[in-house]
Student: 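Take a look at the following structure, please.
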2 protein chains.
Amino acid sequence: MGASKSEFFSEQQNELASLFKAISHPARVAIIEYLLKVDSCICGDIVNELPLAQPTVSQHLKELKNVGIIKGNIEGTAICYCLNPDTMKKLESYFSGISSELKSKCC
Amino acid sequence: MGASKSEFFSEQQNELASLFKAISHPARVAIIEYLLKVDSCICGDIVNELPLAQPTVSQHLKELKNVGIIKGNIEGTAICYCLNPDTMKKLESYFSGISSELKSKCC
DNA sequence: TTTTTATATTGCAATATTACGATAAACAAA
DNA sequence: TTTGTTTATCGTAATATTGCAATATAAAAA
């Protein structure tokens with residue numbers, strides 16, 4: 001085997017895992033932080049910012065977009081990417097929910 | 001190639017990516033949610049809860065423990081696992097920081 | 001239309017992850 | 001010491017990810 005047994009887990013668990021997988025790579029964390037820094041939305045100079053070739057960056061952007069972490073709007077020849085606030089809030093509330101339920105009754 | 005170029009990213013970006021990678025699998029999301037539900041700490045009946053063999057669960061627990069998402073205390077023959085509240089708070093504040101900086105000046 | 005600019009896709013080699021049977025290790029109880 | 005219980009590790013097959021050169025696509029500019 002080797003394939004993930006995702007069919008045995010809930011849809012929500014799979015969706016969360018997909019979100020985390022999308023940001024489980026340092027380049028994609030760096031893309032998120034760069035998009036946060038340049039608060040107007042930037043397209044392809046992410047390629048200049050990162051030590052990765054253009055096809056690699058394009059692939060990383062695609063993965064972030066597929067799970068809804070970023071959005072991309074076509075502006076002429078360029079594409080303007082930005083963070084999706086809804087997804088960020090969803091992730092924030094997931095962890096704040098865990099933190100508030102954790103009554104530190106630990107081993 | 002194929003290896004991640006992690007040496008070109010910051011230590012913090014790599015650490016965050018490692019945390020997200022640890023929870024980027026539905027079984028590991030399920031383990032976190034199970035540990036949250038049974039608020040006293042449970043050891044090996046995670047194996048009974050999940051549709052995975054014991055060595056597979058053990059491996060998942062190891063990955064969660066390596067990055068500090070869970071803690072494990074030896075209690076006789078068994079090991080008592082629980083969530084690490086510090087790490088959960090770290091993740092919560094990461095996303096709340098992003099959300100608060102995001103002024104929705106988007107494309 | 002041709003050229004330029006910006007981004008996406010394809011194909012593939014290198015590497016990493018996933019899952020589990022078999023086995024080992026650690027410890028308590030008999 | 002032997003047995004039973006619990007968890008970890010090893011080895012390995014199946015599959016997924018990463019990165020990039022080459023190439024394709026799409027839209028604006030000339």
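Just the heavy atoms: all of them, side chains too, but no hydrogens, waters or symmetry mates, feed the values below. Numbered from 1 within each chain, the chains take letters A, B, ... in sequence-line order.
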Student: Nearest-Å distance, CG (A:L50) to P (C:dT7)?
Tutor: 13 Å
Student: Ignoring backbone atoms, establish whether B:K21 has a side-chain N or O less than 4.0 Å from OP1 or OP2 of C:dA16.
Tutor: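 False: B:K21 side-chain N/O out of range (4.0 Å or more) of C:dA16 OP1/OP2.
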Student: Select base, sugar-phosphate, or nothing to describe what B:E63 touches, counting heavy atoms under 4.0 Å on all strands.
Tutor: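 The residue B:E63 makes sugar-phosphate contact but no base contact.
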Student: Which whole-number value in Å describes the distance from B:D45 CG to D:dT5 C1'?
Tutor: 14 Å
Student: Would you indicate, yes or no, if D:dG19 has its OP1 or OP2 atom less than 4.0 angstrom from a side-chain nitrogen or oxygen of A:H25?
Tutor: yes
Student: Go through the steps to decide whether B:F20 and B:F95 satisfy the test ring-ring contact (aromatic ring centres under 6.0 Å, His included), and finish with yes or no.
Tutor: CA-CA 12 Å; B:F20 296 134; B:F95 288 111; 5.7 Å; yes
Student: Could you tell me how far apart A:I79 (CD1) and C:dT5 (P) are, to the nearest whole angstrom?
Tutor: 18 Å
Student: Within the pair A:T77 and D:dA26, is there a side-chain N or O less than 4.0 Å away from OP1 or OP2?
Tutor: no
Student: C:dT18 P sits how many Å from B:I23 CD1, rounded?
Tutor: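 After rounding, the reported distance stands at 13 Å.
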Student: Is there a side-chain contact between B:H60 and B:T56 in this structure, where contact means two heavy atoms from C-beta onward sitting under 4.5 Å apart?
Tutor: yes
Student: Any side-chain N or O of A:K62 under 4.0 Å from OP1/OP2 of C:dT9?
Tutor: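 A:K62 to C:dT9 OP1/OP2: side-chain N or O found under 4.0 Å.
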Student: Figure out the CD/C1' separation between B:Q54 and C:dC20, and round it to whole Å.
Tutor: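 It works out to 10 Å between those atoms.
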Student: Take atom CG of B:N66 and atom C1' of D:dT9, then tell me their distance rounded to the nearest Å.
Tutor: 13 Å
Student: Between A:G44 and A:Q59, just flag the one whose closest nucleotide in DNA chain C comes earlier from the 5' side.
Tutor: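 Looking at the nearest nucleotide for each, A:G44 comes out on the 5' side.
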Student: Answer yes or no: does a side-chain N or O of A:T56 lie under 4.0 Å from OP1 or OP2 of D:dG19?
Tutor: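 No, because none of the side-chain N or O atoms of A:T56 sits under 4.0 Å from OP1 or OP2 of D:dG19.
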Student: Within the structure provided, determine whether B:K90 and B:D86 are in side-chain contact (heavy-atom separation under 4.5 Å).
Tutor: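 Sidechains of B:D86 and B:K90: no contact.
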Student: Within the 4.0 Å heavy-atom criterion, would you say A:L61 contacts the bases, only the backbone, or no part of the nucleic acid?
Tutor: nothing
Student: Within the structure, does a side-chain N or O atom of A:H60 lie under 4.0 Å from either OP1 or OP2 of D:dT17?
Tutor: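 A:H60 to D:dT17 OP1/OP2: no side-chain N or O under 4.0 Å.
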Student: Taking only N and O in the side chain of A:Y81, is any of them less than 4.0 Å away from OP1 or OP2 of C:dA6?
Tutor: no
Student: Specify the separation, in whole Å, of atom CD1 of A:I74 and atom C1' of D:dT25.
Tutor: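 Going from A:I74 (CD1) to D:dT25 (C1'), I get 12 Å.
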Student: Whole-Å distance between C:dT7 C1' and A:I46 CD1?
Tutor: 12 Å
